[in-house]
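Indexing begins at 1, ligand by ligand and atom by atom, following the structure's order. All values derive from a computational prediction rather than experimental measurement. Quick note: numbers below take in every heavy atom, side chains included, and nothing from hydrogens, waters or symmetry partners.
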Amino acid sequence: METKTSAKSAQRSSQVRISRSPAAALESSESNPWLQAMEQLNRAGAKMKMEENILERLRHCKRILTVSVPVTMDDGTLKVFEGYRIQHNLDRGPAKGGIRYHPQVSLDEVKALSFWMTMKCAVVNLPYGGAKGGVICDPSKMSIGEIERLTRRYTSEISIIIGPDKDIPAPDVNTNEQIMSWVMDTYSMTIGYSCPGVVTGKPIDVGGSLGRREATGRGVFYVTRELADVKGFDLTKSTVAIQGFGNVGSNAAKVFYEHGSKVVGVSDVTGGVWDPKGLPIPEIIDYVARQGSLAGYPGGKRIPGNEFVEVPCDILVPAAMENQITHENAGRVKAKYIVEGANGPTTNAADRILNERGVVVVPDILANAGGVTVSYFEWVQDIQAYFWSEKDINARLQEIMVRAFRDVWDMAQKEKVDLRLAAFMVGLNRLAKAVRLRGRFP
Ligand code: NAD
């Protein structure tokens with residue numbers, strides 16, 4: 001099923017809102033990641049004088065699948081969840097992108113996340129297109145059995161479009177290695193043989209890759225180290241605050257800590273802690289593993305969740321959800337550098353404010369690409385049935401992240417643009433080449 005949403009209709013709907021009140025229009029477009037994403041595409045397209053035909057193709061997702069997922073709950077009742085799998089673009093290769101379980105999942109959110117995956121894979125030059133999946137649910141209120149049944153039925157429903165040559169899911173918010181294992185098993189049971197290459201982010205024992213768990217956080221660190229190099233600051237004398245303490249946030253905290261940065265703040269959905277003397281990250285990782293969240297952690301000063309991005313620090317790593325730094329709080333951000341571990345944490349209006357204030361933002365489609373990069377390594381290892389050492393994986397990850405950072409940095413210098421626009425220009429350039437070469441079917 002093709003979406004009928006185009007940039008024109010997106011524009012029209014935002015214009016309708018503008019006619020109501022400019023402030024209300026700004027807020028509602030800020031809270032819609034698809035409108036944000038299309039604005040980013042249009043901005044890059046205009047700067048590059050990109051052919052309108054190519055931009056128009058990218059304003060539409062190639063495939064949108066909406067599925068209903070009936071699940072027998074533990075009390076015997078039936079609950080039907082809504083899920084999506086969206087393939088934004090396949091011009092550079094099979095689709096790649098995570099699966100999110102969250103009560104706020106929406107069609108426009110999954111569309112935006114799939115578009116960002118297309119751009120991200122092009123920025124780090126992986127042979128993939130972009131995809132994303134999501135199910136509207138609250139896993140914190142579900143038993144492990146209910147989550148397994150949801151995962152298996154969702155996988156079965158989307159199995160008509162996924163596959164190792166077609167579309168390869170991975171973990172995202174509230175999904176993990178165990179869930180990826182169930183995706184792999186369900187798909188394998190359907191086709192009659194084991195197919196590890198259908199999904200990445202799996203446990204090592206069923207074809208996962210060494211280094212995948214830490215890859216996104218490690219990649220965040222590698223690009224920050226490159227930034228420190230070009231900007232001439234010392235990471236071991238820098239303070240870092242990290243919003244979100246899941247896969248990306250906790251691993252980023254660990255790698256920064258291990259490399260001598262002072263991690264002064266961490267937060268999760270229950271709120272944050274801040275200590276200017278630095279936080280004991282390994283101890284906090286153990287605490288969260290035992291308690292399930294940061295709630296009740298005895299050290300540091302408690303910071304309410306909605307104020308966390310304003311804590312004093314040199315480097316802020318938003319690693320939770322979209323829409324965290326907006327026109328409303330961007331003026332109060334104290335960090336000099338923002339490195340986006342999450343997808344879409346900074347709205348376009350906030351970006352403009354941060355730019356004016358001289359805050360440097362390393363954008364999501366570059367900064368958090370370490371995850372998809374090691375997912376790519378995992379897929380290659382699965383297909384070859386030949387597994388690499390962790391040392392090799394980390395070295396290859398570093399090489400790709402450093403090269404991507406340099407490509408984006410050079411573009412920013414050459415075109416005198418911010419790093420987000422530069423990253424979009426690098427990605428769009430590569431993508432446009434593929435679109436032109438493949439031409440239009442029929
Ligand atoms: P996760 O489920 O492992 O962790 C999410 C964390 O964010 C949890 O600690 C949760 O408590 C916290 N959180 C949720 N809402 C919050 C809020 N409003 N304020 C503060 N904290 C909040 O998810 P993840 O895989 O770490 O993903 C985090 C972000 O990184 C998402 O934007 C995701 O799309 C992006 N990302 C993930 C990967 C990956 O490999 N997992 C790769 C690239 C990008």
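Checked against a 3.5 angstrom limit, the closest N/O atoms of K120 and ligand 1 fall outside it. Checked against a 3.5 angstrom limit, the closest N/O atoms of T175 and ligand 1 fall outside it.
The aromatic ring centres of W379 and Y128 sit less than 6.0 Å apart.
In this comparison of M117, E214, Q324, the heavy atom closest to atom 18 (N) of ligand 1 sits on Q324.
Residues meeting the side chain to side chain contact (heavy atoms under 4.5 Å, CB included) test with P127, sequence neighbours left out: Y376. Not counting sequence neighbours, K166 has no partner by the side chain to side chain donor-acceptor pair (under 3.5 Å) test.
The closest side-chain heavy-atom distance from D392 to L210 is not below 4.5 Å. In this structure, Y154 and V67 have side chains that are in contact, with non-hydrogen atoms separated by less than 4.5 Å. At a threshold of 4.5 Å between non-hydrogen side-chain atoms, the residues W409 and E226 do not count as touching. For the pair L366/D407, no side-chain contact is recorded, criterion being any heavy-atom separation below 4.5 Å from C-beta on.
The protein heavy atom nearest to atom 29 (C) of ligand 1 is A320 O, 3.1 Å. From the protein, the heavy atom lying nearest to atom 19 (N) of ligand 1 is Q243 NE2, 3.9 Å. Nearest non-hydrogen protein atom to atom 15 (N) of ligand 1 is M321 CG, 3.6 Å. Among all protein heavy atoms, the one lying closest to atom 3 (O) of ligand 1 is N247 N, 2.9 Å. At the top of the distance list for atom 10 (C) of ligand 1, counting protein heavy atoms only, stands V269 N, 3.9 Å. When hydrogens are left out, the protein atom nearest atom 6 (C) of ligand 1 is G246 N, 3.7 Å; that is the closest non-hydrogen contact.
Counting heavy atoms closer than 4.0 Å to ligand 1, residue R212 contributes side-chain atoms (C-beta onward) but none from N, CA, C or O. Counting heavy atoms under 4.0 Å from ligand 1, residue T216 touches it through the side chain alone. Contacts of A319 with ligand 1, taken as heavy-atom pairs under 4.0 Å, involve the backbone alone.
Classified by interplanar angle (parallel below 30°, tilted 30° to 60°, perpendicular above 60°), the ring pair F115/F424 is parallel.
Ligand 1 lies nowhere less than 4.0 angstrom from a heavy atom belonging to E322.
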